[in-house]
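These notes concern the structure reproduced below.
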Amino acid sequence: MTTDDTDPGADGDRLAAAGYRDVPAAATEGAGRRWWDQNAREYLDEHGAFLGDDDFLWCPEGLRESDARLLGDVTGRRVLEVGAGAAQCSRWLAAHGALAVATDVSAGMLAAAAAVDRAAAADPARDAGPVAGRPAPVPLVQADARALPFPDASFDVVFTAYGAIPFVADAHRVHAEAARVLRPGGRWVCSVTHPVRWAFPDDPGPRGLTADRSYFDRRPYVETDEHGRVLYSEHHRTIGDHVADVVGAGLVLDAVVEPEWPEGHDRTWGGWSPLRGAHLPGTAIFVAHRPA
């Protein structure tokens with residue numbers, strides 16, 4: 001969530017109001033794309049060092065795919081990342097033998113991804129890293145996660161790490177598209193803010209340990225400008241809602257992973273912190289597959 005009341009909107013309008021409230025789904029359409037276009041650089045300046053250029057983190061808890069192996073063996077497999085941001089995860093996958101493609105709705109985030117690739121290509125020292133023979137840059141595709149420009153059954157694995165799902169009112173369409181482009185037996189994995197967090201203030205300190213909202217209050221967090229236009233929206237769904245969306249897409253849910261806050265991890269990221277992480281789950285990761 002963003003709470004900086006100095007951030008300009010798409011046309012120079014500034015944040016005038018923020019909170020949990022009902023708004024028509026149509027009013028939030030396009031807000032995510034505009035917000036990420038405007039804030040891509042700021043986001044990466046703040047979090048880029050933690051995310052790395054070619055690492056794969058599932059969540060602010062720092063769970064890495066190299067440890068979790070939620071996608072399975074990716075060697076030689078066609079892997080699609082949805083809501084890829086600067087494509088850090090896809091870059092890691094390509095370096096580990098996957099045929100990765102990165103998509104994002106934001107041109108600003110994809111421009112940042114392309115800039116990382118250009119910098120890597122201009123730095124011969126990158127070839128001397130732990131992965132011998134740096135792969136070619138990952139293909140970058142601007143696409144809405146609810147309308148992916150790929151044929152049916154064209155990927156072995158589809159995933160998103162905090163991408164797309166929180167920022168659209170109709171997340172069931174994201175799951176449905178993932179199911180459509182998966183081959184039979186293929187895997188779909190997505191990480192989101194743990195729904196329990198929505199009952200608590202988005203505060204990394206002691207205040208964030210006391211619930212002040214109903215877990216079942218599904219009103220989105222919305223920021224609007226002085227004209228009432230939505231600048232940013234983030235949608236709350238319960239665990240049951242997420243499961244229903246996965247199953248409703250014709251997928252089989254294999255696991256729900258709730259990463260614990262690791263000892264020694266002292267980074268604060270928005271409402272995530274060692275204090276809250278010791279008491280509350282911050283992330284939920286849903287692992288599913290398309291039936292053969």
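Given the structure is predicted, the values throughout are model-derived calculations rather than measurements. Just the heavy atoms: all of them, side chains too, but no hydrogens, waters or symmetry mates, feed the values below.
Contact detail for Tyr215 and Ile239: the closest heavy-atom pair is OH-N, 2.8 Å. Minimum heavy-atom separation, Phe286 to Val192: CE1-CG2, 3.9 Å. Residues Pro184 and Ala153 approach most closely at CD-CB, 4.4 Å, considering heavy atoms. In terms of heavy-atom proximity, Met109 sits nearest to Ala86 at CE-N, 3.7 Å. Taking all atoms of both residues into account, the shortest heavy-atom contact from Val138 to Ala102 is CG1-N, 3.7 Å. The two residues Asp241 and Arg218 come nearest to each other via the heavy atoms OD2-NE, 2.7 Å.
Residues Val181 and Arg78 are not in side-chain contact: their nearest non-hydrogen atoms beyond the backbone lie 4.5 Å or more apart. Using a 4.5 Å cut-off on side-chain heavy atoms (C-beta onward), Pro220 and Thr28 make no contact. Counting heavy atoms from C-beta on, the side chains of Thr268 and Pro274 come closer than 4.5 Å. Contact of the Arg237 side chain with the Ile165 side chain is registered, since non-hydrogen atoms from C-beta on lie closer than 4.5 Å. Side-chain contact check for Val23 versus Thr224: every heavy-atom pair is 4.5 Å or farther apart. Two residues are said to be in side-chain contact when any heavy atoms from C-beta on lie closer than 4.5 Å; Glu234 and Thr193 meet this criterion. The closest side-chain heavy-atom distance from Arg276 to Asp202 is below 4.5 Å. Proximity of Asp117 to Arg91: side-chain heavy atoms (C-beta onward) are separated by under 4.5 Å at one or more points.
Summarising the geometry, atom CG belonging to Leu51 is positioned 10.5 Å from atom CD belonging to Glu46; distances are rounded to the nearest 0.5 Å. Distance check, rounded to the nearest 0.5 Å: CG of Leu93 to CG of Asp54 gives 11.0 Å. For the atom pair CG of Leu182 and CH2 of Trp188, the computed distance is 8.5 Å after rounding to the nearest 0.5 Å. The CG atom of Leu44 sits 6.5 Å away from atom CD of Gln88, with the distance rounded to the nearest 0.5 Å. Going from atom CG of Asp203 over to atom OG of Ser273 covers 8.0 Å, rounded to the nearest 0.5 Å. A distance of 9.0 Å separates CG of Asp266 from CH2 of Trp261, quoted to the nearest 0.5 Å.
Side-chain polar atoms of His236 and Asp217 form no donor-acceptor pair below 3.5 angstrom. In this structure, a donor-acceptor pair under 3.5 Å is present between the side chains of His47 and Arg267.
Under a 3.5 Å cut-off, the side chain of Asp225 and the backbone N or O of Arg229 do form a donor-acceptor pair. For the pair Thr210 (side chain) and Arg207 (backbone), a donor-acceptor distance under 3.5 Å is absent. In this structure, Arg219 contributes its side chain and Tyr20 its backbone to a donor-acceptor pair below 3.5 Å. One N or O on the side chain of Glu65 and one on the backbone of Leu70 form a donor-acceptor pair closer than 3.5 Å. Side-chain atoms of Asp45 never come within 3.5 Å of backbone atoms of Glu42 as a donor-acceptor pair (strictly under, hydrogens ignored).
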Evaluation steps, side chain to side chain contact (heavy atoms under 4.5 Å, CB included), between Tyr162 and Leu57: CA-CA 10 Å; Tyr162 273 81; Leu57 278 74; over 6 Å; no
Could you walk me through whether His175 and Val158 pass the side chain to side chain contact (heavy atoms under 4.5 Å, CB included) check? CA-CA 10 Å; His175 296 280; Val158 183; over 6 Å; no
In sequence, state the C-alpha distance, the side-chain angles, and the governing distance for Gln38 and Leu231, and then conclude on side chain to side chain contact (heavy atoms under 4.5 Å, CB included). CA-CA 11 Å; Gln38 296 158 27; Leu231 302 176; over 6 Å; no
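The side-chain contact (heavy atoms from CB on, under 4.5 Å) check on Pro259 picks up Cys59, Glu61, Leu63, Val257, Thr283, Ile285, with sequence neighbours excluded. Taking Arg21 as the reference, nothing meets the salt bridge (Lys or Arg N to Asp or Glu O under 4.0 Å) condition, with sequence neighbours excluded. Qualifying ring pair (Phe, Tyr, Trp, His ring centres under 6.0 Å) partners for Phe159, counting only residues two or more places apart in sequence or in other chains: Phe56, Trp58. With sequence neighbours left out, the side-chain hydrogen bond (donor to acceptor under 3.5 Å, both in side chains) criterion links Asp245 to no other residue.
There is no path of hydrophobic side-chain contacts, each under 4.5 Å, that joins Val189 to Leu251. Residues Val243 and Val196 fall within the same hydrophobic cluster, defined by Ile, Leu, Val, Met, Phe, Trp and Tyr side chains chained together at heavy-atom separations under 4.5 Å. Put simply, Leu148 and Phe155 are part of the same group of oily side chains (I, L, V, M, F, W, Y) that touch within less than 4.5 Å, one to the next. The hydrophobic clustering, which links ILVMFWY residues whose side-chain heavy atoms are closer than 4.5 Å, places Val174 and Val247 together. By the rule that hydrophobic residues join a cluster once side-chain heavy atoms approach within less than 4.5 Å of another member, Val74 and Val101 end up as members of separate clusters.
Pairs of residues two or more places apart, or lying in two chains, that qualify as salt bridge (Lys or Arg N to Asp or Glu O under 4.0 Å) and include a residue from residues 141-158 are Glu29-Arg146, Asp144-Arg146, Arg146-Asp170, Asp152-Arg180, Asp156-Arg183. Sorted by first then second residue, the side-chain hydrogen bond (donor to acceptor under 3.5 Å, both in side chains) pairs that include residues 98-112, not counting sequence neighbours, are Asp37-Ser106.
The environment of Gln142 atom CD is dense: over 12 non-hydrogen atoms of other residues, nucleotides or ligands sit within 6.0 angstrom.
Separation of the His265 and Phe50 ring centroids falls under the 6.0 Å cut-off. Centroid-to-centroid, the aromatic rings of Trp35 and Phe167 stay 6.0 Å apart or farther. Under the 6.0 Å cut-off for aromatic ring centres, Trp198 and Tyr221 do not qualify, their centroids lying 6.0 Å or more apart.
Ion pairing between a basic and an acidic side chain is recognised when a charged N comes within 4.0 Å of a carboxylate O; Arg64 and Asp55 show such pairing.
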